[in-house]
Colleague: 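For reference, the structure I am asking about is given below.
Throughout, a chain's letter reflects where its sequence line sits, starting with A, and its residues are numbered from 1.
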Number of protein chains: 2
Amino acid sequence: MKSEAASTASAAEAASYSISELAREFDITTRTIRFYEDKGLISPARRGQTRVYSPEDRVRLKLILRGKRLGFSLDESREIIDMYDPAHGNVEQLHRLLQHIEQKRAQLQQQLRDIESLMGELDDAETRARASLAQAENK
Amino acid sequence: MKSEAASTASAAEAASYSISELAREFDITTRTIRFYEDKGLISPARRGQTRVYSPEDRVRLKLILRGKRLGFSLDESREIIDMYDPAHGNVEQLHRLLQHIEQKRAQLQQQLRDIESLMGELDDAETRARASLAQAENK
DNA sequence: GCAGAGGCTTACGTTAACGTAAACGTAAAG
DNA sequence: CTTTACGTTTACGTTAACGTAAGCCTCTGC
């Protein structure tokens, strides 16, 4: 039997991760992970002094990093993560949440358009570059 | 006859823009535009001291802002803009350019995947929020 | 002739997102 | 028993991307 995930030994003991394990997996530094905790984006458990990360913590980290790839600030990523929580109390807050979701959707749609046009331009640039290359070779 | 674009009077006099015109159009400050110039992203002409922006300058500005929406740094945007220039000299540079284009494409594809998943999660979040709302209303 | 309305330069200030380093604790390995 | 590996806190440093403000031209309308 192959060794299991990271720290789980036998049955269903809910895997946990050390800070350096996560750092390695996502190619970031431990400093970065602690920084995110400082900013209130993750709240790992503690065994004594040492941080112990749950699978949920790991998912949060993933969401943060995905946000980064999309150019989101940590505050924006926090907002998005909060949309996931079942913690939205009253009706007014729910309405605000829905508005917020709509805004994010609009932003993502703009990004889609931006990517589409940029992709086209990259195609053009490649075509021109290949043309220049061809001309350079048989000159 | 309706008044033409910004500063062009009669025939084909190649429109030009003042810094504040561009600032208004793109909803940024003049400081920001000058900052981009400082960083070598735009190089407007001068009439005396005053900056005079051509349509090409305006396009560059647009590209920078699109880059920002995609989370690019100014350096990255500069690289992308440079891909457009017909200034790639020798063969080696052309090969590097092609590699660069491929990298950007890969990055954009990752962003596409990220947007897709985030969109799906926004849908889920909306569904849950609407469910909570419905339950709150007929409780 | 002077008050605005722009425009310019120079320069210090600010925020986000970490980097870097010091100084210390602890547990397993040789 | 002392490396070695990993963990912790605290704190100052750094870079990008502007914001903000001061001080100074210059043209246009009244």
Side-chain angles (χ1 to χ4, degrees), chain A residues 3 6-7 9 15-54 57-58 60-82 107, chain B residues 6-7 9 15-54 57-58 60-82 107 114:
Chain A
S3 74
S7 313
S16 74
Y17 313 86
S18 77
I19 192 167
S20 56
E21 279 169 1
L22 290 183
R24 252 179 315 236
E25 174 174 1
F26 295 117
D27 196 32
I28 55 184
T29 69
T30 60
R31 171 69 172 101
T32 296
I33 299 181
R34 293 197 191 95
F35 179 76
Y36 293 159
E37 179 178 353
D38 224 63
K39 292 292 161 179
L41 292 168
I42 322 180
S43 306
R46 298 271 181 150
R47 187 152 49 196
Q49 280 245 99
T50 307
R51 279 163 253 253
V52 179
Y53 296 85
S54 70
D57 292 328
R58 183 171 163 280
R60 279 174 161 266
L61 197 48
K62 266 178 122 167
L63 294 179
I64 298 169
L65 298 177
R66 185 184 64 186
K68 276 192 62 175
R69 287 195 301 270
L70 292 175
F72 292 2
S73 70
L74 294 185
D75 281 344
E76 287 178 305
S77 285
R78 195 213 326 276
E79 291 172 0
I80 291 178
I81 292 178
D82 288 348
Q107 182 185 347
Chain B
S7 312
S16 75
Y17 313 87
S18 77
I19 192 168
S20 56
E21 279 169 359
L22 291 183
R24 254 179 315 240
E25 175 175 1
F26 296 117
D27 196 34
I28 54 183
T29 70
T30 60
R31 171 68 171 102
T32 297
I33 298 180
R34 293 199 192 94
F35 180 76
Y36 293 158
E37 178 178 352
D38 224 63
K39 292 291 160 180
L41 292 167
I42 321 180
S43 307
R46 300 269 182 151
R47 187 151 51 194
Q49 280 245 100
T50 306
R51 276 164 255 254
V52 179
Y53 296 86
S54 70
D57 291 328
R58 184 172 162 279
R60 278 173 160 265
L61 197 48
K62 268 177 118 166
L63 294 180
I64 298 169
L65 298 176
R66 185 183 65 186
K68 276 193 62 175
R69 289 195 299 271
L70 292 177
F72 293 1
S73 71
L74 294 184
D75 281 343
E76 286 177 306
S77 284
R78 194 211 329 273
E79 291 174 359
I80 290 178
I81 292 178
D82 286 348
Q107 182 185 346
D114 287 334

Colleague: Counting heavy atoms from C-beta on, name the nucleotide in D/dC18, C/dA17, D/dG7 closest to the side chain of A/Phe35.
Modeller: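 Nearest to the side chain of A/Phe35 among the choices is C/dA17.
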
Colleague: Tell me, with the steps shown, if B/Ile80 and B/Leu63 meet side-chain contact (heavy atoms from CB on, under 4.5 Å).
Modeller: CA-CA 9 Å; B/Ile80 290 178; B/Leu63 294 180; over 6 Å; no

Colleague: When B/Asp114 is tested against each of A/Lys62, A/Arg66, A/Arg69 for salt bridge (Lys or Arg N to Asp or Glu O under 4.0 Å), which residue passes?
Modeller: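 That would be A/Arg69; it is the only one of A/Lys62, A/Arg66, A/Arg69 passing the salt bridge (Lys or Arg N to Asp or Glu O under 4.0 Å) with B/Asp114.
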
Colleague: Side chains of B/Leu61 and B/Tyr53: closer than 4.5 Å at any heavy-atom pair?
Modeller: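 They are not in side-chain contact.
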
Colleague: Do NZ/NE/NH1/NH2 and the carboxylate oxygens of A/Arg60 and A/Asp57 come within less than 4.0 Å?
Modeller: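 Looking at A/Arg60 and A/Asp57, the cut-off is not met.
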
Colleague: Mind calculating the distance between CD (A/Gln49) and P (C/dT26) to the nearest angstrom?
Modeller: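 Distance, rounded to whole Å: 8 Å.
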
Colleague: Output the single nucleotide from C/dC8, D/dC18, D/dT8 whose closest atom is nearest the side chain of B/Thr32.
Modeller: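 Out of C/dC8, D/dC18, D/dT8, the nucleotide with an atom closest to B/Thr32's side chain is D/dC18.
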
Colleague: Is any side-chain N or O of A/Arg51 closer than 4.0 Å to OP1 or OP2 of D/dG7?
Modeller: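 Checking A/Arg51 against D/dG7: no side-chain N or O falls below 4.0 Å of OP1 or OP2.
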
Colleague: Just the rounded figure in Å: distance from P of D/dC6 to CZ of A/Arg47.
Modeller: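 So the CZ-P distance, A/Arg47 to D/dC6, works out to 16 Å.
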
Colleague: Would you mind telling me which residue lines up with the more 5' stretch of DNA chain C, B/Arg24 or B/Arg46, judged by nearest nucleotide?
Modeller: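 Taking each residue's closest nucleotide, the earlier one in sequence belongs to B/Arg24.
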
Colleague: Please report the distance, rounded to the nearest Å, between CZ in A/Arg34 and C1' in D/dT8.
Modeller: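 Taking atom C1' of D/dT8 as the reference, CZ of A/Arg34 is at 7 Å.
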
Colleague: Would you mind reading off the distance between A/Leu22 atom CG and D/dC6 atom P, rounded to a whole angstrom?
Modeller: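 It is 15 Å, rounded to the nearest whole Å.
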
Colleague: Looking only at the side chain of A/Ser20 (C-beta and beyond, no hydrogens), which of the listed nucleotides D/dC6, C/dA17, D/dA17 gets closest?
Modeller: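 Taking heavy atoms from C-beta onward, the closest nucleotide is D/dC6.
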
Colleague: Give the nucleotide from the list D/dC18, D/dG7, C/dC8 with an atom nearest to the side chain of B/Lys68.
Modeller: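 Closest of the options to the side chain of B/Lys68: D/dC18.
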
Colleague: Mind checking A/Thr30 for me? I need base, sugar-phosphate or nothing, with any heavy atom below 4.0 Å counting as a touch.
Modeller: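 Result for A/Thr30 = nothing.
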
Colleague: Is there a side-chain contact between B/Arg78 and B/Asp82 (heavy atoms, below 4.5 Å)?
Modeller: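 Result yes, sub-4.5 Å side-chain heavy-atom pair found.
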
Colleague: Tell me the interatomic distance from A/Ile28, atom CD1, to C/dA17, atom P, rounded to whole angstroms.
Modeller: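 Value for this atom pair: 14 Å.
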
Colleague: Side chain of A/Arg31, base of C/dT20: donor and acceptor closer than 3.5 Å?
Modeller: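 Donor-acceptor pair under 3.5 Å: yes.
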
Colleague: Tell me the interatomic distance from B/Tyr53, atom OH, to C/dC8, atom C1', rounded to whole angstroms.
Modeller: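 Taking atom C1' of C/dC8 as the reference, OH of B/Tyr53 is at 11 Å.
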
Colleague: Can you tell me if A/Tyr36 touches the phosphate of C/dC18, counting only side-chain N or O atoms and a distance under 4.0 Å to OP1 or OP2?
Modeller: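 So the side chain of A/Tyr36 is within the cut-off, an N or O lying under 4.0 Å from OP1 or OP2 of C/dC18.
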
Colleague: With respect to the side chain of A/Thr50, which nucleotide from C/dC18, D/dA17, D/dT8 is positioned closest?
Modeller: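 Selected nucleotide (nearest to the side chain): D/dT8.
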
Colleague: Using atom CZ of B/Phe72 as one end and atom P of D/dA17 as the other, report the distance to the nearest whole Å.
Modeller: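 Between P of D/dA17 and CZ of B/Phe72: 13 Å.
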
Colleague: Between C1' on C/dG6 and CD on B/Glu21, what's the gap in Å once rounded to a whole number?
Modeller: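 One finds 11 Å between C1' of C/dG6 and CD of B/Glu21, rounded.
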
